[in-house]
Amino acid sequence: MIFMFHIGRYFLLLKRAFSKPQKFRVYRKQFFFEINHIGISSLGIISIISIFMGGVVTTQAAFGFTSAWVPIYAVGFTTRESIILEFSPTIVSLLLAGKVGSNIASEIGSMRISEQIDAMDIMGVNSASFLIMPKILAAVFINPFLITISMFLGLLGGYTMGVFTGAVSSVQYITGIQYGFMAWKIWYALFKTAIFAFIITSIAAYNGYYTSGGALEVGKSSTRAVVWSSILILLADLLITQIVFTH
Amino acid sequence: MIEVKNISKTFGDRTVVSDVSFVFETGKTNLIIGESGSGKTTILKMMVGLLKPDTGAVEYDGRVFSEMNERQQQDVRKEIGMLFQGGALFDSMTVEENVAFPLRMFTDFKEEQIKERINFCLNKVKLENRNQLYPAELSGGMKKRASLARAIAGNPKYLFCDEPNSGLDPRTSLVIDDLILELTTEFNMTTVVITHDMNSVMQIGQKVMFLYGGKKWWEGDNKGVLTTTNKEVLDFVYASEFLKQLKPGLK
Ligand SMILES: Nc1ncnc2c1ncn2[C@@H]1O[C@H](COP(=O)(O)OP(=O)(O)O)[C@@H](O)[C@H]1O
Ligand SMILES: [Mg+2]
């Protein structure tokens, strides 16, 4: 029952959030602010994670393929497929659910408990729209770029690690990452990323917006935001993968 | 003029506000007083639409607020300024951006006009040259003043203040009270002030409603408060043992 209540209230909030902006100029400014605030500012951590992820996948693949029947370039191939299809879009989105999601939930949550949201409403501002829409749009727009960078760095990390440890030669790796390459897989991964970005920001905003109580509850909202958006990202991933790869 | 007609509010099985009617007059500071928990904030929230009254109506100069849709309510709200108990300044914005927020949102002012209005408002609340500070860098009294500047930025017809001097020392409280009275007179606003501070009642109580257990128990003004024979009002006014000695015959 409580579950249905949350689903209903979530969609009603989204409806309010996506009503017509009261002042386009102010929203545009907020949109660009959020691109930086929730997007660009995550670039550092995303880069580090991606390079290491690529390195680990390559090493793992190299150790796994000891059979003479498997060509060495399969290491590059495996790295590419894992990075593009899952590691970059899904794992990095899970990371962002933690970083960006908790940030959004606690920011909006503390605005709620300190009556800043009431203050907006009383001015006649649609607080749901002003606080939520720019965040969702910014993340849906910028995250695919971040993930593209992550893919590139992941492959670079794999190359560096593979060649450095001597598990695979430079030529074999590059042959491998080109082998049977299909561009649609990148578009598919970026599409997933956009969906995940929507989940992260909207779930976090929902949890923040309906915080009540004090500082303790802001912490709880932020935790709930991370837990729920992570679960929903994995569910969505499963669903999208099912639909795309079984047809 | 804001008219409240027979409004009530029940949370669960607790009636917090019960059948309250009152007229808040234009150009005056109208006070809602009463002890903690008597329902003051609840009434104010119903007046501005943050809570929906179970029964009754709120009218802004004849416009029935409770019957409007969200858009229409937003239009009325553009005529409302509110000073919150904790200030409710936007943490992520400077003082200047806070004051400018309603202007950027609802007017087509050019940047110079906005600058001008910001400085006018900050000047009114005697908070000059603090434009670039963030709320976290302000003292309690300065927060209240910045919040008041933001409340009057949009040239409101109605001003609401929830316990404007809670957490302030008596002298700073007096400054805030005087400001509220001054602005109300100068801009001919309908001002509603919630307070449980007797100094404020005496200082700015042009019209006073005393709440007791969610009911309107008494109404009058700051002079009447001292001369009434209503027992609960007197208990509120002469709350301390010290003050009770000044008014023999109590108890
Ligand atoms: N949302 C709510 N749910 C349940 N009870 C509430 C709610 N808001 C206020 N109350 C109760 O209503 C009573 C009056 O509260 P309030 O109007 O804030 O009093 P005041 O502002 O006069 O101190 C209090 O006892 C408070 O606990
Ligand atoms: Mg109160």
Side-chain angles (χ1 to χ4, degrees), chain A residues 12-13 15-34 36-38 41 103-135 138 205 208-215 218, chain B residues 41 44-45 47-51 65 68-93 97-111 114 135-136 143 146-148 150-154 156 158-163 192:
Chain A
L12 284 177
L13 182 66
K15 187 167 159 253
R16 275 181 64 208
F18 281 93
S19 61
K20 186 169 162 286
Q22 288 168 300
K23 196 79 174 179
F24 187 71
R25 195 156 32 121
V26 178
Y27 274 64
R28 189 181 52 196
K29 186 159 167 263
Q30 198 64 17
F31 172 77
F32 285 112
F33 171 80
E34 297 294 356
N36 193 42
H37 183 58
I38 66 186
S41 74
N103 179 297
I104 291 177
S106 57
E107 180 191 321
I108 298 183
S110 62
M111 288 186 77
R112 166 62 77 194
I113 63 161
S114 60
E115 298 184 312
Q116 293 174 50
I117 293 184
D118 288 344
M120 272 187 194
D121 284 332
I122 284 175
M123 283 176 192
V125 174
N126 179 344
S127 60
S129 166
F130 177 75
L131 291 174
I132 300 174
M133 181 168 33
K135 287 185 170 54
Y209 198 81
Y210 288 109
T211 302
S212 63
V218 173
Chain B
T41 300
L44 187 130
K45 286 190 172 168
M47 291 177 73
V48 297
L50 288 176
L51 281 175
F65 190 71
M68 296 176 183
N69 65 28
E70 194 177 339
R71 278 277 151 150
Q72 292 167 320
Q73 288 196 344
Q74 278 172 2
D75 285 338
V76 172
R77 282 171 169 177
K78 288 171 200 166
E79 301 171 356
I80 293 178
M82 179 149 171
L83 173 58
F84 281 85
Q85 201 165 339
L89 291 167
F90 304 130
D91 290 330
S92 59
M93 301 181 194
E97 287 165 344
N98 264 282
V99 178
F101 187 78
L103 301 173
R104 299 221 162 96
M105 209 68 178
F106 298 123
T107 69
D108 288 317
F109 284 6
K110 299 262 176 307
E111 264 322 289
I114 289 179
K143 273 187 194 150
S147 184
L148 198 51
R150 183 181 67 184
I152 60 168
Y158 316 99
L159 179 66
F160 291 87
C161 310
D162 190 355
E163 306 208 5
V192 181

Exercise. Go through the atoms of B/Phe101 and report whether side chain, backbone, both or neither lie under 4.5 Å from a heavy atom of chain A.
Key: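 Contact with chain A involves the side chain of B/Phe101 alone.
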
Quiz prompt | Residue part contacting chain A, namely of B/Gln73, when any heavy atom lies under 4.5 Å | solution = neither

Quiz item: What part of A/Met123 is in contact with chain B, defined as an atom under 4.5 angstrom from a non-hydrogen atom: side chain, backbone, both or neither?
Solution: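 Answer is both: backbone and side chain atoms of A/Met123 are under 4.5 Å from chain B.
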
Quiz item: Do you know which of B/Glu79, B/Met105, B/Lys45 has the most heavy-atom pairs under 4.5 Å to chain A?
Solution: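 The option with the most such pairs is B/Met105.
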
Rounded to the nearest 0.5 Å, what separation is found between the [atom1] atom of [X] and the [atom2] atom of [Y]?
{"X": "A/Lys23", "Y": "B/Asp108", "atom1": "NZ", "atom2": "CG", "result": "3.5 Å"}
{"X": "A/Gln22", "Y": "B/Lys78", "atom1": "CD", "atom2": "NZ", "result": "6.0 Å"}
{"X": "B/Phe90", "Y": "A/Met120", "atom1": "CZ", "atom2": "CE", "result": "4.0 Å"}
{"X": "B/Phe84", "Y": "A/Ile122", "atom1": "CZ", "atom2": "CD1", "result": "3.5 Å"}

Quiz prompt | N/O donor-acceptor pair under 3.5 Å between B/Arg77 side chain and A/Val125 backbone | solution =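 A pair under 3.5 Å: no.
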
Practice problem: Could you tell me which non-hydrogen atom of B/Arg150 sits nearest to which non-hydrogen atom of A/Ala119, and how far apart they are? | Solution: NH2-CB, 3.7 Å

Quiz prompt | Test item: side-chain donor near acceptor, A/Gln116 and B/Asp91, under 3.5 Å | solution = yes

